[in-house]
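A short worksheet on the structure shown next.
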Amino acid sequence: MSITKKPVAKKPGEATSKKTAQPLSSVRGMRDILPADQHYWRKAFEAAQNICDSYRFDRIETPILEETPLFVRGVGKQTDIVEKEMYSFETSGGDKVTMRPENTAAICRSYIQHGMLNLPQPVKLWYWGSMFRHERPQSGRYREFWQFGCEMLGDDDAVVDAQLALLAWKYMQSLGLDTVVHINSIGTPESRLNYRNALVAYFRPKRNRMSEDDKKRLLKNPLRLLDSKDPVIMEMKMEAPQIVDWLDESSKNHFMHVLEYLDEVGVPYQLDPFLVRGLDYYTRTVFELYEATDDQNQHQNALGGGGRYDGLIEILGGKETPAAGFSIGIDRVVSLLKNRETTPPPAEEIDVFVAQLGESGRKRALALFEELRTSGFKVAESFSKSSIKTQMDNANRMGAKWTIIIGQKEVLDGTVIIRDMDAGTQEIVDAQKMAQELKKKMIQKSAESIS
Ligand code: AMP
């Protein structure tokens with residue numbers, strides 16, 4: 001090994017130039033998920049993995065960047081997402097790409113691209129990843145946020161819609177979160193067209209009282225008025241025509257079946273005649289999950305949402321294929337988990353701390369650490385510290401049950417010192433037998449704590 005001379009490193013705090021650089025921050029609406037929060041994120045992820053394994057969903061990961069037309073065609077030109085929220089740009093090679101604002105369109109693209117139509121249907125997939133929308137940042141709303149979602153592709157049976165709502169609800173239950181499913185049917189594109197006309201006829205005479213944005217919605221996408229949070233529109237819509245009265249027979253039957261299945265498995269739901277969801281691809285069933293609360297007036301953010309999208313795969317160039325799915329906003333789930341757990345989670349328990357003295361001790365300590373780690377012990381160290389006092393303080397702070405001490409003498413003798421941190425006693429053992437000795441001591445200690 002050749003060692004080249006490196007330039008002399010500057011001491012910490014030593015000025016590099018007269019001007020100090022301005023510290024940078026994360027991009028607005030995007031944030032770091034710091035170690036202190038990882039406990040909750042891991043909990044949310046493991047719950048997703050467990051429930052998807054038990055319902056036999058396979059994990060899929062798709063790229064963050066997709067071709068822009070995927071979302072323009074899939075999500076819909078006149079939706080808020082496509083009109084104003086996408087992070088789109090042209091690459092140096094001239095490709096028009098977008099950072100995914102949602103994942104359903106990408107999964108349909110993957111289903112078509114990989115010929116999943118030839119697999120037994122429905123194909124059941126789940127994903128976990130971050131999405132990007134250039135929305136106004138506010139509480140519970142970020143520009144990079146995380147979604148866990150499930151899709152069932154290739155089946156139009158109402159039982160699929162019900163199973164998805166059940167899975168989403170069970171996921172929340174498994175995290176101790178009580179939720180209610182708000183549900184509606186928005187029928188086929190044809191029945192929706194008739195309803196759209198009825199809505200325009202209802203709202204048009206009232207347009208003088210509407211904001212400019214809502215006037216635009218009335219013209220371009222009147223269904224979007226129904227999920228407006230503007231109090232004027234909320235009041236107007238009380239008397240508005242309801243989509244259930246415009247549903248075709250087959251959609252009505254489909255919806256009835258979904259509700260019957262939900263009754264059967266005891267999923268609490270609430271019919272919401274004005275729930276339409278913000279993406280164009282939905283057909284028939286749409287649903288959202290809200291935290292269960294007695295306060296009906298409390299304004300809440302949905303924790304997740306989904307529905308059926310029977311036309312999407314065809315819009316994206318595949319064969320006509322019915323499908324349904326949902327996605328859950330993990331940032332909001334984590335925030336609820338944090339609010340619930342008032343005491344921070346306990347730190348992980350450490351079995352053994354490896355302390356070292358001198359250069360030869362440190363070298364051996366590295367190898368001993370590996371030996372203990374691969375034998376299944378929870379091991380810790382402070383290899384960059386040379387003071388034995390500092391190392392013992394760290395071992396105590398981490399709550400290590402034993403400390404292995406190795407110095408020059410022990411290296412020469414082929415031994416190690418095992419210190420019992422509770423009793424304060426020390427013992428010299430053959431280095432070859434270290435792991436074996438520690439295992440014995442662990443068994444002894446846990447037997448003592450039981451008796
Ligand atoms: P959507 O399909 O747009 O309704 O999104 C599904 C879920 O993702 C929502 O119910 C939210 O929980 C979550 N979500 C959507 N947009 C954001 C955002 N900007 N920030 C945080 N979570 C979001």
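Indexing begins at 1, ligand by ligand and atom by atom, following the structure's order. For clarity, every value in this text was computed on a predicted model and none was experimentally measured.
- If you look at ligand 1, the protein residues with a non-hydrogen atom under 4.0 Å away are R133, E135, G140, R141, Y142, F145, Q147, R277, A302, L303, G304, S327, G329, R332.
- Side chains of R284 and S250: a donor-acceptor N/O pair is present below 3.5 angstrom, by distance only.
- Side chains of R42 and Q38: no donor on one and acceptor on the other come within 3.5 Å.
- Qualifying ring-ring contact (aromatic ring centres under 6.0 Å, His included) partners for F255, counting only residues two or more places apart in sequence or in other chains: none.
- The heavy-atom pair separating R141 from R136 by the smallest distance is CD-O, 4.0 Å.
- Aromatic ring orientation, F326 versus F287: tilted (interplanar angle from 30° to 60°).
- Ring planes of H182 and Y290: tilted class, angle from 30 to 60°.
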